[in-house]
Amino acid sequence: MSLYNETKFIMKKYNISANKSLGQNFLIDDEAVSTIVDTAKVTKDDLIIEIGPGLGTLTSKLLEKAGKVIAIELDKKMVLVLEDRFSLYDNFECINEDVLKVDLESLISEEKSKGLKTAKIVANLPYYITTPIIMKLLEEKLDIETITVMIQKEVADRLVAEPGKANTGAITYAINYYTNPKVVLQVPNTAFIPAPDVNSTVIQLEVLQKSKIDVIDEEMFFKVIKYAFMQRRKTLLNSLTNSKILGEKEYIEKMLSELGIEKTIRAENLSLEEFAKIANWIKTKS
Ligand code: SAM
């Protein structure tokens, strides 16, 4: 049966219509499903945490390959479908909860203590909370190897942009600090029912065990990036001055000159290393 027919069949059987406010767009494209699962390189040593499994399209492929799949789904209606659909699998667990509230660290360490070697995140994410979910996964410094997710194309473009080049935002720097990002596949909106208004991209983030750069104080590092991008059209000098993070303009000019950074530069032209230098300077010299 095609994924389209299977999805329609399940929706009819359980009397389900997609809930737009929960970002429910169900994947019906075989190539996208198999590319996501192949890219995640799922093995029997893996704990796969799937966020927003919906009707279980990805889940069913993941269950064949993974040691265990823990699916976290907010919508009780979906959970009932999943529990029925996968009742015969002993490597399936479903948590009916908002993923942002789940203690993923405990979940992972518990499964690892039982013998699973690696934890990976795989998902077709609910687009309305893509950024908070990805930032939670990274900021909590979870013991995970990769994050393979489908997200809205425009968001993907920003996440995988190269620091210092076009199309960056504060989040580009966070992603590049914590991970090696890559684009895996472009997916048109026709690959879902109902079709969303936007196109999608599958990306993979390889989570770094050790950061590429030396940062003395991560909080200060991300604060500087945040303030710099709050007024991205202004020069870095002006946005840092307006943020009052450091003091008077002359003082910031002195810092930039000591660090060999042009005082006319804008946030989007700075490299990850330059932001680290600024944050480290503030931490040690002010
Ligand atoms: N994985 C399915 C697929 O590919 O067909 C469904 C993906 S759909 C884009 C997103 C799913 O995330 C929906 O099932 C939705 O109910 C679920 N969801 C929305 N908000 C959530 C949250 N805060 N925590 C967990 N799941 C959520």
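Here, residue 1 is the first one in the sequence, and each next residue gets the next number. Counting convention: from 1, in listed order, for ligands and their atoms alike.
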Are any of the heavy atoms in Leu125 under 4.0 Å away from ligand 1? yes
Does Ile129 come within less than 4.0 angstrom of ligand 1, counting non-hydrogen atoms of the residue? yes
Considering only non-hydrogen protein atoms, determine which one is nearest to [atom] and report residue, atom name and distance to 0.1 Å.
atom                    : answer
atom 23 (N) of ligand 1 : Asp98 OD1, 2.9 Å
atom 12 (O) of ligand 1 : Gly52 CA, 3.2 Å
atom 3 (C) of ligand 1  : Asn124 ND2, 3.5 Å
atom 18 (N) of ligand 1 : Pro126 CG, 3.8 Å

Would you say the side chain of Asn189 lies within less than 4.5 Å of the side chain of Asp197, judging by non-hydrogen atoms? no
Numbering as shown, the atoms of ligand 1 that approach [X] to under 4.0 Å (heavy-atom distance):
X      : value
Asn25  : 7 (C), 8 (S), 9 (C)
Glu50  : 1 (N)
Ile72  : 25 (C), 26 (N)
Glu97  : 24 (N), 25 (C)
Tyr128 : 19 (C), 20 (N), 21 (C), 23 (N)

Do the ring planes of Tyr178 and Phe222 sit parallel (below 30°), tilted (30 to 60°) or perpendicular (above 60°)? parallel
Using 30° and 60° as the class boundaries, would you call the ring planes of Phe229 and Phe275 parallel, tilted or perpendicular? tilted
Show every salt bridge (charged side-chain N to carboxylate O under 4.0 Å, His left out) that has at least one partner inside residues 157-166, sequence neighbours left out. Lys153-Asp157, Glu162-Lys165
For Glu258, is there an ion pair with Lys254 - N to carboxylate O distance below 4.0 angstrom? yes
Under a 4.0 Å N-O cut-off, is there an ion pair linking Asp45 with Lys120? no
Answer with yes or no whether the side chains of Asp84 and Tyr14 bring together a donor and an acceptor at under 3.5 Å. yes
Considering distance alone, does some N or O of [X] sit under 3.5 Å from an N or O of ligand 1?
X     : value
Asp75 : no
Leu27 : yes
Val99 : yes
Gly23 : no

Answer yes or no: are there more than 12 heavy-atom neighbours, outside Glu262 itself, under 6.0 Å from its atom CD? no
Record the part of Phe192 in heavy-atom contact with ligand 1 below 4.0 Å; permitted values are side chain, backbone, both and neither. neither
Could you see which bit of Pro53 sits under 4.0 Å from ligand 1, with heavy atoms only: side chain, backbone, both or neither? backbone
Report yes if the distance between the aromatic ring centroids of Tyr177 and Phe221 is under 6.0 Å, otherwise no. yes
Out of Ile28, Ile16, Leu27, which residue meets the side chain to side chain contact (heavy atoms under 4.5 Å, CB included) rule with Thr7? Ile28
Run down the list Leu3, Ile95, Leu74 and name the one with the heavy atom closest to atom 21 (C) of ligand 1. Leu74
Among all residues two or more places apart in sequence or in another chain, which pass the salt bridge (Lys or Arg N to Asp or Glu O under 4.0 Å) test with Lys12? none
